[in-house]
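First up is the structure itself, then whatever we jot down about it.
Because the structure is a prediction, the values reported are computed rather than measured. Both counts, for ligands and for their atoms, begin at 1 and track the order of listing. The figures here come from the full heavy-atom set of this structure, side chains too, leaving out hydrogens, waters and symmetry mates.
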Amino acid sequence: MKKILFPFFVVLFVFNSLIAYTQNQPKTNYDENKVPTYTLPELLKTTNGKSITSVKEWEKIRRPELLSLFTEQMYGELPNQKIKATYNIVESSSTALNGIAIRKQVEISFKHKGMERKALMLMYLPNSTAKPAPVFLQFNFQGNQTVSNDPSIIPSQHSDYPRGSKISRWPIEMIVKAGYGVATIHYFDFYPDQKERQPESILPFFGYKSETDLTNTDGQAIAAWAWGYSRMMDYLVKDKQVDSKRVIVMGHSRLGKTALWAGVNDKRFAMVISNNSGCGGAALSRREFGETVNRINNVFSHWFCKNFHQYNQKVQELPFDQHQLLALVAPRPLYVASAEEDLWADPKGEFLSAAHAGEVYQLYGMKGLDTFTMPSVNQPIMNRIAYHIRTGKHDVTDFDWKNYILFADKWLK
Ligand code: GTR
């Protein structure tokens with residue numbers, strides 16, 4: 001009898017602990033009426049209260065001030081030591097995807113102080129013209145082999161996901177036929193996305209072998225991935241078949257947060273796209289709708305710098321909000337996209353953030369969203385800032401891609 005009862009009590013214990021845990025967690029708010037009243041920090045006023053009235057003042061005073069605040073209090077410093085990189089085209093074809101594309105697989109090897117890390121980049125470029133192609137640059141979540149059924153793709157080192165399993169997010173033929181290339185790396189190549197795997201990331205290059213080596217302002221995973229986006233760009237600049245003046249940095253979800261941070265820091269990116277980036281990305285933190293700063297820092301303590309955790313219980317005291325991050329992309333074209341069912345990422349918070357960022361675009365004589373009324377679903381607004389909320393869930397769909405291509409055609413053709 002004892003033997004039968006023991007497993008029963010274990011299950012009961014685990015179940016009760018789970019209930020106690022969930023009950024102690026603050027409830028996720030999905031009710032617009034329960035959004036706290038908040039005041040957004042001003043874009044065009046410095047911490048000392050000086051008004052910013054020109055592009056020159058924005059670029060010389062306010063932009064650097066905001067950039068330091070986001071660096072020190074949220075995303076953490078990006079490693080700035082130069083690391084030696086070598087590029088090796090390990091596979092290529094000029095007749096990929098039934099003859100329409102050039103495929104290249106480039107192994108990027110980083111060496112520093114006896115350490116080595118490798119990243120494998122997969123690229124498809126249109127082969128219909130001899131001209132250098134503009135490129136959408138985007139990390140993938142589950143390994144290069146998941147983005148297409150192309151049997152020649154070399155699987156990424158940290159993934160054993162099956163070929164083609166994420167194909168719905170990568171309409172590569174459509175992109176190539178529209179005249180654009182795609183370049184991608186599995187984001188794990190720069191930091192396998194688990195706290196305890198920091199030693200395998202690129203951070204040890206810079207002296208951060210474990211979490212205890214990190215100061216309050218040192219970047220963690222998002223900084224490491226953003227660093228990776230810039231290192232991919234270093235290669236694209238060298239590739240004569242790529243038009244490096246027209247590289248679009250793009251990311252979904254946690255990688256949308258990363259694409260924003262990479263785009264803000266590296267002005268070589270000509271356009272920035274945030275797909276469902278949510279909390280810590282495009283969404284306003286002060287709304288506390290869906291995912292909150294408290295929750296993100298508790299569940300993903302290895303993403304942002306340690307200082308960011310100070311705000312878990314006092315997000316209204318953040319010295320900035322995410323509309324100011326978006327404004328740091330100006331005057332480059334910026335696309336923020338939400339999904340109707342993706343309440344966790346707070347679509348309205350993403351929209352309002354993009355709308356407020358328009359103030360800085362106006363300083364440049366450009367049109368931001370030009371409205372504070374959310375558009376209907378599947379009705380993109382496309383000025384220098386673009387926004388859409390599409391039907392469906394947290395994902396990257398053909399609808400998203402079609403509009404990113406239209407937006408790129410509008411500003412980069
Ligand atoms: C969730 C996280 C989000 C978002 C998402 C993703 O678990 O709470 O902030 O980053 O993961 O990256 O898919």
Side-chain angles (χ1 to χ4, degrees), residues 21-22 25-30 70 74-76 137-143 146-147 156 158-159 161 165-166 168-170 184-195 197 201 219-226 228-229 249-263 272-305 308-309 311-312 315 318 321-322 325-326 336-351 353-354 389-390 392-397 400:
Y21 173 80
T22 336
Q25 290 303 304
K27 257 190 97 195
T28 306
N29 178 38
Y30 290 123
F70 276 111
M74 187 169 180
Y75 298 97
L137 179 63
Q138 182 175 221
F139 278 132
N140 63 73
F141 274 83
Q142 295 188 341
T146 64
V147 308
S156 292
H158 294 297
S159 156
Y161 279 98
S165 53
K166 280 282 172 222
S168 69
R169 289 188 176 176
W170 296 85
T184 187
I185 290 184
H186 182 212
Y187 78 128
F188 271 44
D189 286 2
F190 294 94
Y191 191 137
D193 193 1
Q194 280 150 22
K195 191 185 175 73
R197 294 183 73 180
S201 77
Q220 301 201 66
I222 291 186
W225 299 324
Y229 265 134
V249 67
M250 163 176 172
H252 169 61
S253 207
R254 69 197 65 184
L255 299 174
K257 312 179 208 299
T258 305
L260 286 169
W261 187 232
V272 180
I273 301 175
S274 148
N275 192 88
N276 308 175
S277 64
C279 178
L284 293 174
S285 304
R286 277 171 175 72
R287 281 174 44 82
E288 300 187 86
F289 186 102
E291 187 174 30
T292 59
V293 168
N294 182 34
R295 145 87 204 205
I296 208 169
N297 279 332
N298 277 303
V299 179
F300 304 105
S301 64
H302 63 294
W303 282 4
F304 299 93
C305 76
F308 194 43
H309 297 223
Y311 301 97
N312 288 356
V315 48
L318 273 167
D321 213 316
Q322 298 309 104
L325 179 79
L326 299 184
V336 173
S338 312
E340 198 183 16
E341 291 168 33
D342 186 18
L343 295 182
W344 184 240
D346 186 14
K348 186 161 185 199
E350 297 185 307
F351 166 75
S353 182
I389 174 164
R390 63 156 170 77
K393 59 182 177 56
H394 188 68
D395 200 358
V396 194
T397 67
D400 297 316

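- The ring-ring contact (aromatic ring centres under 6.0 Å, His included) check on Phe304 picks up Tyr75, Phe308, with sequence neighbours excluded.
- Scanning for ring-ring contact (aromatic ring centres under 6.0 Å, His included) contacts around Tyr187 gives Phe141, Trp225, with sequence neighbours left out.
- Rounded to the nearest 0.5 angstrom, Cys305 SG and Asn297 CG are separated by 9.0 Å.
- The aromatic rings of Tyr30 and Phe289 sit perpendicular, their planes meeting at an angle over 60°, well past the 30° parallel limit.
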Checklist entry - When you look at His309 and Ser301, which way does the side chain to side chain donor-acceptor pair (under 3.5 Å) test go after all the steps? => result CA-CA 8 Å; His309 297 223; Ser301 64; 5.8 Å; no

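- Applying the ring-ring contact (aromatic ring centres under 6.0 Å, His included) criterion to Tyr311, with sequence neighbours excluded, gives no partner residue.
- For ligand 1, the 4.0 Å heavy-atom shell contains residues Phe141, Ser253, Arg254, Lys257, Glu291, Ile296, Phe300, Trp303, Trp344, His394.
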